[in-house]
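Here the structure comes first, spelled out in structure tokens, and everything after it is commentary.
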Protein chains: 2
Amino acid sequence: MNLKELAHQLGLSPTTVSRALNGYPEVNEATRERVMAAAKRFNYRPNSRAQRLATGRALAIGHVIPIASKHEMVNPVFADFIAGAGETYSRNGYDMVLSVVPDNEEEAAYRELKARGSVDGVIVHGPRMDDPRVRLLAEIGLPFVVHGRASGSQTPYSWLDVNNRRAFRRATDFLLDLGHRRIALINGLEFMDFAMRRRIGFTEALEARGLTPAPELLSSAEMTEGRGHAMAAGMLALPEPPTAFLVASMISGMGVRRAVEERGLRIGRDVSIIIHDDDLSYMKNGEDVPIYTATRSSVREAGRQAAEMLLSIIAEPSGEPQTRLLEADLIIGQSTGPAPAASARPVPAHART
Amino acid sequence: MNLKELAHQLGLSPTTVSRALNGYPEVNEATRERVMAAAKRFNYRPNSRAQRLATGRALAIGHVIPIASKHEMVNPVFADFIAGAGETYSRNGYDMVLSVVPDNEEEAAYRELKARGSVDGVIVHGPRMDDPRVRLLAEIGLPFVVHGRASGSQTPYSWLDVNNRRAFRRATDFLLDLGHRRIALINGLEFMDFAMRRRIGFTEALEARGLTPAPELLSSAEMTEGRGHAMAAGMLALPEPPTAFLVASMISGMGVRRAVEERGLRIGRDVSIIIHDDDLSYMKNGEDVPIYTATRSSVREAGRQAAEMLLSIIAEPSGEPQTRLLEADLIIGQSTGPAPAASARPVPAHART
DNA sequence: TTGAAAGCGCTACCAG
DNA sequence: CTGGTAGCGCTTTCAA
């Protein structure tokens, strides 16, 4: 059933039917209801291909996922973000198109999306400092929102980010309050904007108490289980090993856990661990409490909001760049039960920056 | 730059230019080269919206992701599969469109995709036994490939699956060979087809040695960290606790690891753990070796192959249903180093079924 | 081997 | 408030 047929059934012109269905104000309400009813009855759905051509809009948002090696794992945080964004798109009648491309073809992928008109905008993932994609997208005129920030970019741009610096500062403070003095940071690669901010938050917390970060306890590498393991194992073999770890991701966190286990240490008794972006972390020193910083469900919420931001930019292309900074969750609860609800226990004062 | 303009520049008709670009045989080779060169020079890209309308094809494949609760995590295995499929789509000029929908709207989502013609086919994820989606998709005539199987389905259908039964049988055999007799299975929900097959493989291995699976060591639940933790903790508190765990997923595996740690047991010394779909598992009894069953990179490969299968079905709609069964990796290596290559050590004979 | 012209199914402009 | 009509940019007959 297409528009012409439906119009014919109703004894109306396709024009009127189209207007009725799309909520144009000039249609008689009685007519509109008749059209709506018939559309439902005949199970009419406008052909999206025709709609897209006629309107000149793609009704789709792109997400470009660069893949470095054939065996690299997809970041699970990315999956959560995508899920959140997808919800927003569905609600607004947009499609989400994912482009998986080798990372040296990322720029070409954006140009292609623009040239072929297959999307109305894109969300940029995993920005680096002064990320070249910001300039590129502004240049080719493809609307975009950055998930994260690209510090140092000359081009103004819209972004949505989690306050990584504060999250890591708070987590570090928490460990310091428990008496830890040898705290290790297992960070991501620090040309990534978020990783750089996390390190700043970490060192800020130490310096605020007159402590100097020990260089041998500061590490930065890809967030894989293998790298997390290697970094933690190396530190645990030091003459003065760390008593606590602050880890940047669930995946490297798994490696850290393994390194600790292998050394015969018990997490929560001999060593405290806080893992960011995970839904369960180990942080104990006499008390049996897990601590989350950004939880995975908050990543989902970030996806939702970033998508909303992008849709509003597309609707109002002339507007100023929009920015939004989300605070990461910081949740305390019992580690032996199921994952606690956000409100299970208030965040203690000392855990707030 | 559109087709008309390009044709004008060349002093040719749009018809000829289109034919030249699309490889039609009737154009003069000299003309074709002239057209190709000009297309490249002007950086011409056909407008995909127009192409889709004109051809009546969507040049896109859909993946519907049902989301149960607002806080449920996205399965990371799904992300790997998607990445693999995406590579295949890109190579073939197809878009990948993801639909994230509440799980009670999944059927509607498929009908919508079909009615609006926004995709040429879909891949079905996480099939249950006799999954209703198989019948639905056959009925509405939307080409599809199932990742996994839907045992008991009356409708014939195309699928690609990992040999879960054999993977779990081999893993169980491996633990048995090490002398374990109290082996726990931390399985997914057993109305999921893959979970059912895994349990069968597990019990087969036991029964082949005249052992009876202990009901208190057989568990089946959602594959979350919380559930994995709860199930393992419960078993460890038994009068006769298990000495080994076979776990269905990386996520529930994290919960199992936590339960073991909390009890003061050391993984690889007091308890062996094999985690499926993970890239690193713990399996030790005197020897220090990890074991993988299906690795995450093999999931990526499954995505690639499933996508290829679907594209071939779309190209040849009349063909017979295609099926393909992949063998899961089984890799043995040192647990203390970085992840070993597949060939690091041969699979010992006793680990083969 | 090339070109003219008729759609694909919808939206949007302009008349009435 | 409703309808005729001209595209959107491409593909695909059909004629030459």
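So that the names make sense, note that chain A is the first sequence line, chain B the second, and so on, each numbered from 1. Computed from a prediction, not measured in an experiment: that's the story for all the values here.
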Main-chain N/O of [Y] paired to [X] side chain as donor or acceptor, under 3.5 Å:
X        : Y       : result
A:Thr31  : A:Val27 : no
A:Asn47  : A:Arg49 : yes
B:Asp120 : B:Leu59 : yes
A:Arg300 : A:Ala83 : no

Please tabulate, one pair per line, each protein N/O and nucleotide N/O from nucleotides 13-16 of chain C that are separated by under 3.5 Å, including the distance.
from	atom 1	to	atom 2	distance (Å)
C:dC13	N4	A:Arg19	NH1	3.3

Do you know the tightest heavy-atom contact between [X] and [Y]?
X        : Y        : value
B:Val119 : B:Gly62  : CG1-N, 3.6 Å
B:Gly86  : B:Met96  : CA-CE, 3.8 Å
A:Gly126 : A:Asp131 : O-OD2, 4.2 Å

Check whether any side-chain heavy atom of [X] sits under 4.5 Å from a side-chain heavy atom of [Y], and report yes or no.
X        : Y        : value
A:Ile67  : A:Asp103 : no
B:Pro46  : A:Arg116 : yes
B:Val124 : B:Val134 : no
A:Ser118 : B:Asp95  : yes
B:Ser18  : B:Leu21  : no

Exercise. Is A:Arg149 salt-bridged to A:Asp161, cutoff N-O under 4.0 Å?
Worked result: yes

Please list residues of [range] whose heavy atoms come under 4.0 Å from any atom in DNA chain D, ordered by number; otherwise none.
range                       : value
residues 108-121 of chain A : none
residues 22-34 of chain B   : B:Asn22, B:Tyr24
residues 2-10 of chain A    : none

Seminar exercise, completed: Contact span of DNA chain D against chain A, any nucleotide atom under 4.0 Å from a heavy atom, 5' to 3', runs D:dC1 to D:dG9

Seminar exercise, completed: Hits for salt bridge (Lys or Arg N to Asp or Glu O under 4.0 Å) against A:Glu107, two or more places apart or cross-chain, chain-then-number order -> A:Arg111

Exercise. Taking only residues two or more places apart in sequence, or in another chain, which ones meet A:Glu316 in a salt bridge (Lys or Arg N to Asp or Glu O under 4.0 Å)?
Worked result: none

Problem set entry | Axial bend angle, the helix from C:dT1-D:dA16 to C:dG16-D:dC1: five-pair end segments, nearest 10° | 40°

Solution key, residues 319-326 of chain A side-chain donor-acceptor pairs under 3.5 Å, sequence neighbours excluded:
from	atom 1	to	atom 2	distance (Å)
A:Gln322	NE2	A:Ser312	OG	2.8
A:Arg324	NH1	A:Gln305	OE1	2.6

Exercise. Is the CZ atom of B:Arg45 crowded by more than 12 outside heavy atoms at less than 6.0 Å?
Worked result: yes

Problem set entry | Whether over 12 other heavy atoms sit under 6.0 Å from B:Glu139 CD | yes

Seminar exercise, completed: The side chain to side chain contact (heavy atoms under 4.5 Å, CB included) partners of A:Phe42 (sequence neighbours excluded) come to A:Met1, A:Leu6, A:Gln9, A:Ala38

Exercise. Can you tell me if the side-chain N/O atoms of B:Thr16 get under 4.0 Å from OP1 or OP2 in C:dG3?
Worked result: yes

Exercise. If you look only at pairs with a residue in residues 113-141 of chain B, which of them pass as a ring-ring contact (aromatic ring centres under 6.0 Å, His included), with sequence neighbours excluded?
Worked result: B:His63-B:His125, B:Phe78-B:His125, B:Phe81-B:His125

Exercise. Under a 4.0 Å heavy-atom cut-off, which of residues 40-57 of chain B touch DNA chain C?
Worked result: B:Leu53, B:Ala54

